[in-house]
Every structure is written in C-alpha cells, then in structure tokens.
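Chain identifiers are assigned alphabetically (A, B, ...) following the order of the sequence lines, protein sequences preceding nucleic acid strands; residue numbering begins at 1 within each chain.
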Amino acid sequence: MNGKERGVSRGGRNWGVLVAVCGLSLIGVLSGARPARAADAQERVEQLEREVQALKAEVARLSAARPAVQPAAPVPAAELAEIERRLEILAEEVERLKLGEAAAAADQPAHGLGPAASKVYRAKTGVSIGGYGEAVYENFAAHREDGSPSGLADQTDLRRAVVYFGYRWNEKYLFNSELEFEHAVAASDKEGEAEMEFAYVDRLFRPGANLRAGLVLMPVGLINELHEPTVFLGVDRPLTEELVIPTTWREVGVGVYGETRNLAYRSYVTNSLDAARFSGEEGLAEGKGEGSQSRARDLAWSGRLDFTGVPGLLAGGSLFAGRTGQGLRGADGRAIGARTTLGELHVDWRWRGLQLRGLLARAAISDAAALDRALGLAGGESIGSRLAGGYLEAGFNLFSLRPRGEPSLVPYVRWERVDTQDEVPSGYERDPANDRRLLTLGLAYKPIDALVVKADWRRERTAARTGVDRFALSLGYVF
Amino acid sequence: MCSRARIAIAFVVGLAGLAAGAGARVFLSTDEALRLAFPGCAVAKQTTFLTAAQLQRARELAGVEVPSALVVAYAATCNGAPAGTAYFDAHIVRTLPETLLIVVDPQGKVARVEVLSFEEPEDYLPRGPWYAQFVGRGLDPELELDRAIRRVSGASLTARSTTQAVRRVLAIDRVRREAEP
C-alpha cells in the first residue's frame, strides 16, 4: 500500500496532537544522530521503524474509533497534509540511516559519470577487522609407495589463525594488514610462528590506477593473494603454489594496481628472492624475504594481468623477474647474479555449479651451478636451473541442483605434477624424489559461505617411488 | 646495479605518469545513481509501508530476510511511459556494509545493478561485467549462485549478498505490484 495513498482519511485534533508529539520526539532523537558504527545505525533504524509502525497503528486505531464519537467531523486538509509531511520526513530519515554514506550528497558533480565510474566507493574512515583460519587432521599412510616405512606421524594442527586489521584514514589513504599465527603456539620448543603476511598502505586515485606500498603479497598465481581456506578446494594448497611459487609469498616494495572494465593488473617493485635459501627439494619456497630484515641488494619486478570480462571467468598470467644473488659470491670472489624468472598462466572458471581451475608455472634460475658450488650442494641436492609445475582441478556443487539455498557440497578432484629439479646444471643430478605427481579426491561442505569442512585423500607418486598417501580433514572459516 | 637503476628509473617514470593522470575522483550518491539509471526521465519517490502479510509474502518470495516494512522506491517515467523502478538496498557483506542500486523494469525483471558504496576491502568486490548477469533476470529459482549467477573466485560473500539483495528487491517489487489496483 502506498503511503501517500493509504487510508488515513479521518481524524481529529487529539490524534493530530499525538502524531505531532511523536514526530517531534523522533526528530529530536534524529537531530542527535551522528555517523556511527553500523550496529548503532541499525539499532536506530529499527527503533525508528518501530516508532513509525506504532504511530501508524495509533493513527489507525484513532481513525477507526473516531466515527463512533464524532462521525461527521471533517479533518482539515491542512492538518492531514501536515501529518503526511511529517511521516515523509520520518521515512526519509529512516532511509538515510539505512543507506548510510551513500545517501549523502556527492562530492563532485555528476557530469562525466559513465558506467565505468559507477563502481566507486564512498570514503569511510575507521577500523575494519576480519580474519580466517583452518584446523586440520592428517593421517599418513604407514608406508611409502615402494613399501618402506613412511616415518610420518598423524597429526592435528591449527595451521593458521589470522586477523585482518585495516584502517581507512580518508578517501585517499588506507592501511591493510594480515597478522597470522601458525601452528597455534610460538615458543622455543614449538614450530609456531607469528608473522605479518602483509601490511601496506594504499593511495587510492581511481579504479584504473592506485598506489600500494609496504609488505605486499606478490601478485603471482591463483592462491598467493587469495589463500583463505573457503576460496580453494583441497585441504592443502597445490604444491606448485608452495614450491615453484612460494606460498604466502610477500616482500616489501611499492607498486601500482587497478582495473578497467575487463582487465585487472598489478605491477610491483620489491626486494628480490634470496637464492642462498633455494634448495633442490623445496625449490624457491624458502627464498622469500617475508619482510623480515630481507636482503635488498637485488630488487625484482613482478606483474600480473587478468581478464575478468566474462562473469565467472578469471584468466591471466603473471611474471616475476630479477637477480636473486643478493650479494652472494662464489669461491672466485665474483658476485653470483642468479637471475630468476618465474612465469605462470592460470584460469579459474565458474559456471552454474561447476568450478574449474588450472595453473601452469615455470621458473628458470641462471648461475645454478655457481649457486650449487657456493652453497656446497652436490649431486642430487642441486638447485634446479628450471622448476616446473601445474595442476588441474574440478569440482561441482551438488546442491546447485536444488532450487536455492546457501549450503554447498562440492566433490572435487585435483591432478598435479611438480618438479623442483625439472632441469639441473650439467655435472649434477636430478633427484627423482622431487618429480612428484599428486591426485587428490575430496569433498567440501559449506553450511554457509564463510565456513567449510573438507575431507580429501591424496595419492602421491614420485619418480623415486617415495610418495606417501594421506587422508586429511579440515575446518576453515573466514569472517 | 644496472638492473636496479633501470627498475628504479622505470618506476619513477611510471609514478610520474600516474600522478599526471590522477585526481579524477568521483563518488556515486543516491541522486547520481538515479540520474545514471534514468537519464532525462522524471523520477517519483514512492514510500510504502508493507502490511505484515505483505512482508511475510515478500520474505517467502525472496527466500531471504526482508528486514523492513518500510520501502522507498523511485518510479521513473521516460517520454510518458514507465521506465522502471529503482530501489536502494543496504546490507552487510562480511562485517561491513554495501549499498546497491537495483532497477526493476516494468516487466518485473532486473534492469540494472550498481554499487554505490562498498566498505569491505576492494579485493572482495566483483569486477566489471559480473553484475551484468542479473540484467533481464526475474524472481525465479535460477536467480541463485551456482545456477544462473556465477560465483567470483575470492569474493563469494559479496556474490552471495548481492544475489540475496536482488532477490529481496524483486520480491518487494512484486508485492507492491500485487497491491496495485
């Protein structure tokens, strides 16, 4: 029923006075309103709505009762108009509180505003808090694929508990950070760690071009920037995005980022990796600086370009390039450049309940032989002069077959191959144990989008027949 | 040193170019959003107080919460013909609010979805054409994530809250139409 058309048809001075008193009381309440936290605003909206409803009910009651007492008394048109005017004021105030900042006047005239300019974000100062975490249970096979004991113990672990903390000073500058606790306890007799996974300042100009500086997540791969457990399938992150692309890879630097209607990009200059911490088995994983007194003699560039022009599709690639010697010198005293180039292509496609994901990564390290000699590595321990990995992943939300609802149940499969010694310098040997093939079969259940329970079984095979199968359960959350 | 110098020079040049082009800051208010949705049209504000029965029906149709009986709609008329009705929907995405403009055409289907404000980190905001998926959609079982609406990798909560907002607005619009004489 339209408020302007609703049946407030008859009344008298007594309920007019009541309306006026209530209206003035509400306006008095509203006059004290200030920009407040969302919860305060919501409470205020609810209170206003309750009072408007009570007002309406009282008007209706009095209207119904009025004819019995004074059946013929006409209501002055001016009084009715005044009541309607006050109700409109109250409705506008309720709407303004609901919409918050968006209801305010624009800072600039609307001329020149096109579709691309419509995705702009009202400045809002203050603190923002979020977080995520995951707990896992891992059950390893007692034997490796060649029948020898695996030596791996089953375990439970609160892998990570993370708090996002951000602050927006104004519409131009904001700070964002991620504080992570790994393995629950950080102590001398435990393996837990407390670390900043990113901490940067953004200078916002416009959607197409913004500045970012500080400890930034490197824009490489599918997982590194989007590593919340509700985002990816599998209890474990793909091994390619742990060893070829270091997992949760962050460095200190500065760069630009932005998006157009169909493309999104990042371009950063940071401190480079540290080749002295590369290894044949774990690839580039330990070479990341993490913003912890990282060596910065060598800088590096990393960039990324994604196509986002089709709903549900993300396709693109990224590149990291730079010397990684960080001043390391060989026995002859000459600096080792160790130029490292890491490139990857990726695609993520969602269509109805189907989700497909694939990634192909390859890294090349120059001067690998000189690195081996400087680090005292021999034989199969050699750093790979080329590392390669990739995976394909598919899942289907069975609940998408139902009419509607938030829960999802996704059986998934991932096939992956990764070799951290895809090629080694002459005079060295590849360790076949580093040539891994993994098949993961699992099930992910989300009662709501922010919670996920995963169960999967992973078969691991290596060229040396050292693979160990494992079953795992995990609980992940994000807020 | 040479490579570092090249990187530094390239970066400074890039920054200079960025600074030269910076400054075109634009915010989208409710008034601007309405002008963007209905250029050159007459827009009439309509305030509706849903009855308890209407509110319940809207909830059933939407399949999501309809938190308020107070509805403010903006009906547009272009060249003498109805051009659609706009609604603003404010809701929480993760822990912070988002405000959307949702335009419903005279046939009861989505004509436009625009983001007015988004206070979560922009990493959680779907990009570009994702919102176009809603255009032409009516209130039916297909209007759900993993059905006609595709998810966004890394922005599922925003995708969910946006889909729910569209369902809510379409349900309210239908209930209002049903009340028309």
remark   = d(R168(A) CZ, L96(B) CG) to nearest 0.5 Å is 10.0 Å
query = Is it the backbone or the side chain of R357(A) that comes under 4.5 Å from a heavy atom of chain B, or both, or neither?
reply = side chain
request  = Under 4.5 Å heavy-atom distance to chain B, tell me which part of L263(A) shows up: side chain, backbone, both or neither.
outcome  = neither
key: Contacting region of D449(A) [heavy-atom separation from chain B under 4.5 Å]   = both
remark   = Ranked by heavy-atom pairs below 4.5 Å to chain A, first place among A159(B), S153(B), A155(B), A69(B) goes to S153(B)
Inter-residue atom distance S408(A).OG - R151(B).CZ, 0.5 Å rounding = 5.5 Å
query = For the residue pair R150(B) and P311(A), what are the closest heavy atoms and their distance?
reply = NH1-O, 2.9 Å
note = Assert top hit (heavy-atom pairs under 4.5 Å, partner chain A, pool Q164(B), R160(B), R94(B)) equals R160(B)
Heavy-atom pair with the smallest gap, counting every atom of W130(B) and G312(A) = CD1-N, 4.4 Å
query = A450(A), G309(A), G130(A): which one forms the most heavy-atom pairs within less than 4.5 Å of chain B?
reply = G309(A)
query = For the side chain of R352(A) and the backbone of D146(B), is there at least one donor-acceptor N/O pair under 3.5 Å apart?
reply = no
remark   = For P129(B) and T308(A), the nearest pair of non-hydrogen atoms, with its separation, is CD-O, 3.5 Å
remark   = Contacts satisfying ring pair (Phe, Tyr, Trp, His ring centres under 6.0 Å) that involve residues 135-181 of chain B (not counting sequence neighbours) are none
inquiry  = With chain A as the partner, which of V152(B), V175(B), L157(B) has the greatest number of non-hydrogen pairs under 4.5 Å?
reply    = L157(B)
remark   = When the 4.5 angstrom heavy-atom criterion is applied to T230(A) and chain B, the contacting part is neither
inquiry  = For Y164(A), give me all partners under side chain to side chain donor-acceptor pair (under 3.5 Å), at least two apart in sequence or on another chain.
reply    = E228(A)
